[in-house]
Amino acid sequence: MALLQLRDIGKIYVSDGNVAVGIRGVNLSFERGEFVAITGKSGSGKSTLLNVISGMDSYEEGELLIEGSPTSHYLQPDWEEYREKYISFIFQDYNIIESFTVLQNVELALMHIEDKKERRRRALELIERVGLSSHIKHKGSKLSGGQKQRTVIARALAKESPIILADEPTGNLDSVTSKEIIELLREVSKDKLLIVVTHNFEQVQDAVTRHIRVFDGSVESDHVIKRAEPVPTDDVRPEPKQETEGKKTRGRAVKNGITLGKSIFISKPRLSAFLCILLTIGTLGIFVVTSFCGSAADIFKKHYIFEPIEGRLVIAKRSGEMISDDELDALKKEYNAERVLHYDILLDADNNNYVNYRIGDRIYSFRVRPSYNDQLGIPDVGRYPESDGEVFLYLPIQYQDEFGKDELILDEISYNGLHLDVSGVKYYYDNTKLPILLFTEGGFKVATANHYVGRNAVNANISLIRKTVSSESVISRINISQIDLSFDVEQNKIYVDSNQYRQSASDGELETRISLNSNYYKHNYDYYDSSEEITFSKTFDDSYVTKSKPSEETVQYSFGTDRLIVHPQVVVDMADEVLSESYTQASLFFESDKDAEVAAKALNEKGYIAVPANTTYSPGFEEVLLSMLQCAMLAFVWMITIVFLAFFINLCTARTLGAFKGDMAIMRSMGISVKVVRIGMYVRMLISLIPAFIFMVISAVGIFTSPSLSEYFKYLQLWQYVLIIVGMIMLTVRITHKQIRKLFRESVKKSLRGGAAE
Ligand code: ADP
Ligand code: MG
């Protein structure tokens, strides 16, 4: 059975309304081992004949039989498969991939060998066979015409296809080189069908076994010159491809596509670098826009009236009365709460109502927590607080330089004169979170008292009293609103820091009394002497008594820097009294929010108002509007950025598309499937994205650890990075998809002709 048989084949070209006959009524039959020369004038149909045989061009009339089976019903994929199995093509203008090395060009044709080492070995073998061993690493563009054609021959052999078609393979070569190439072709294809189109028969006549002359689309003559050596067909039949399930072929296509994609990426270093830079700029652009516009996490952050700590239940009495500590303890037991926090006001100091502490010479805003409320992890420096006078800081990483990495640099904080030691620090990266101050339970109470009293209840009076023989007369009263707390002060002592006072007290005639918080606080601290250290006694006189007899000697004082320094416990006592008369709320903590909700139901039926903290999300109209606006704006900016980016990348890469057109066509003419080429293109684009992502991560780390930059950029959550990455991948896939369609819209033949116009 003939390897190839053409029966009455006709091919007609129709273009611009003109009909041109390519070939007509061609009857030919070819066997393995033949070396056929086809000659004829220009335009006589030689190329058309080869294109029909190769399946790159369709035929309208007759039938082409391959090993006896007809092909007139073939569709594009069938022809592709046919080409992959049977055909190697050699062109006049070489058609090697110029950016690939000799080795890569040959390996490309060896895709069917799965084992990489075997593929390499086979490629080297073929290259040696065509005499190019010394040029393995040379790029196609650096080779002479003869060397290019040798590469193409090696590539053609690599496929182990039974048919090699050559259209004017020596058309661009000098006569000596041409002879060499023809000789090489003859040598390497003894067991194959070799069909060569040429207009120079002399060059080939010594080598060929058969000469076909074409005239005006028809076969004019067909001479056998010498007998072809018969070839035992069994040996050369291309390995019958195991038509395995689609899965396996797909897996191989992906593998080959990846290999191809890598080759394309590496073989065009300047283009690849350009692409990488472009995509990096794009990725960083989206990153910056996202971070600049305020992180999306911010928009969706809920605002709670009560800080939603897991299991927190806020309660108050429906009657508006105070809740006593005893009552709270009873509730705790009854409802199985884990703990109670009577004075919970500091928990709800949030972004808008935070607590400012002075550390060194700067003021920082903090959330405040008793230590049992937060699991912050292992401290980066120091340890968690153990005494009431200690505090633990949870700070953004940018403060590391300020507070210390291995040991504490700043170790004291103050708030309204409350001085505390820093026991340790833990750093975090998310600069959208507010720092946290962690107290012991006792410390938290002091902080609460300090906060509460400092705002609402402090009212300290220092009275200077002149003792006369008959009576006492108040000559001045200093109203002091600043009370400093210090653990260094003994509980029963008060320090007064007031120059004016010191002056007048030292004349010995004046006696001083201090009353703290006379409106609420029932204790009078009678105050005896000394400008530095004053001991006081707690008396329970109802209040300090004013003798209202006017005095002749009135001393005027200016107030300002006057302050009292007391032990925190004094303030706690004051706060306790003040709070216990005015604070109507408390928090119970349960194991979980669910438990809190269950308890809330029961308590609500028992004369309490009980609200699980996590249900107190209540955005006002303004807030909703604002966050919607912010959302819309972010989406808008995102869209603009992405559209602009897509446009820009498209514009920049469209120019580079031309460089691929030829290569793609060559690959397809070699029988590399569209699928593999397509996957290769995607892979190349995705590889180009990798530096962009690496760069983004590096930039992010740089920005969020740098104190100056992190002020302008909002920390992004992991999912936001994932979003950016997915977005960029989708963008590039989309662009690649469009470009591939553009590339493949033109048929193989057309693209090749584009470069090989006769
Ligand atoms: P040869 O290779 O022998 O020079 P071709 O096979 O290229 O000749 O051309 C044979 C005939 O078919 C010519 O008349 C040519 O004009 C016509 N032809 C070839 N390709 C096309 C085409 N793509 N569109 C229209 N006519 C074509
Ligand atoms: Mg031609």
Side-chain angles (χ1 to χ4, degrees), residues 4 6-28 30 35-62 64 71 74 76 79 83 87-95 145 148-149 152-153 156 163-173 178 181-182 185 193-205 208 210-223 661-662 664-666 668-669 743-758:
L4 266 184
L6 283 72
R7 277 191 199 150
D8 257 339
I9 291 280
K11 165 77 196 169
I12 294 162
Y13 289 109
V14 182
S15 58
D16 302 332
N18 293 323
V19 178
V21 175
I23 47 175
R24 64 184 141 197
V26 173
N27 282 293
L28 287 168
F30 299 101
F35 186 165
V36 185
I38 298 179
T39 58
K41 283 196 296 190
S42 180
S44 57
K46 307 182 295 287
S47 297
T48 307
L49 187 57
L50 278 201
N51 287 334
V52 167
I53 290 175
S54 69
M56 288 209 269
D57 227 342
S58 58
Y59 58 91
E60 282 85 38
E61 293 166 9
L64 172 67
T71 60
Y74 271 21
Q76 197 59 34
W79 284 118
R83 274 204 300 275
I87 305 290
S88 293
F89 218 115
I90 298 169
F91 297 89
Q92 176 180 348
D93 58 342
Y94 325 123
N95 278 323
K148 282 181 188 177
Q149 211 57 307
V152 174
I153 292 169
I163 302 170
I164 296 180
L165 306 174
D167 195 350
E168 310 254 13
T170 60
N172 287 341
L173 302 175
S178 296
I181 292 294
I182 294 297
L185 271 175
L193 167 61
L194 177 58
I195 304 176
V196 177
V197 165
T198 181
H199 54 256
N200 190 347
F201 182 65
E202 277 165 34
Q203 241 171 35
V204 300
Q205 63 183 0
V208 297
R210 183 173 166 189
H211 181 197
I212 296 171
R213 240 186 293 227
V214 183
F215 179 75
D216 205 10
S218 303
V219 175
E220 192 186 30
S221 68
D222 183 356
H223 295 300
K661 232 180 228 171
M664 293 303 122
I666 292 165
R668 289 185 68 196
S669 75
L743 269 182
F744 288 162
R745 203 171 298 145
E746 302 174 50
S747 75
V748 196
K749 189 177 65 74
K750 231 176 173 176
S751 308
L752 284 175
R753 281 260 164 111
E758 280 175 46

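Keep in mind it's a predicted model, so treat the numbers as computed, not measured. Whatever order the structure lists them in is the order used to number ligands and atoms, beginning at 1.
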Side chain to side chain donor-acceptor pair (under 3.5 Å) against Asp222, all qualifying residues, sequence neighbours excluded: Arg210
Indicate yes or no: at least one non-hydrogen side-chain atom of Ile38 is less than 4.5 angstrom from one of Val196. no
Heavy-atom distances under 4.0 Å decide this one: backbone, side chain, both or neither, for Val214 against ligand 1? neither
In terms of atom number and element, which parts of ligand 1 are under 4.0 angstrom from non-hydrogen atoms of Ser42? 4 (O)
Could you tell me if Thr170 and Gln203 have a donor-acceptor pair between their side chains, going purely by distance under 3.5 Å? yes
Checking the side chain of Arg83 only, and the main-chain atoms of Gly55 only, is there a donor and an acceptor separated by less than 3.5 Å? yes
Quick one: does Gln149's side chain have a donor or acceptor within less than 3.5 Å of a partner on Ile181's backbone? no
If you take the nearest heavy atom of each of Gly43, Gly217, Gly22, which one is closest to atom 4 (O) of ligand 1? Gly43
Ligand-side contact atoms (ligand 1) for residue partner Thr48, heavy atom cut-off under 4.0 Å: 5 (P), 6 (O), 9 (O), 10 (C)
Is the Mg ion (ligand 2) less than 2.8 Å from an N/O/S atom of Ser42, whether that atom is in the backbone or a side chain? no
Could a heavy atom of Val21 be found less than 4.0 Å from some atom of ligand 1? yes
Hey, does Lys41 sit under 4.0 Å from ligand 1 if you only count heavy atoms? yes
Please enumerate all residues that pass side-chain contact (heavy atoms from CB on, under 4.5 Å) together with Ser58, with sequence neighbours excluded. Lys11, Glu60
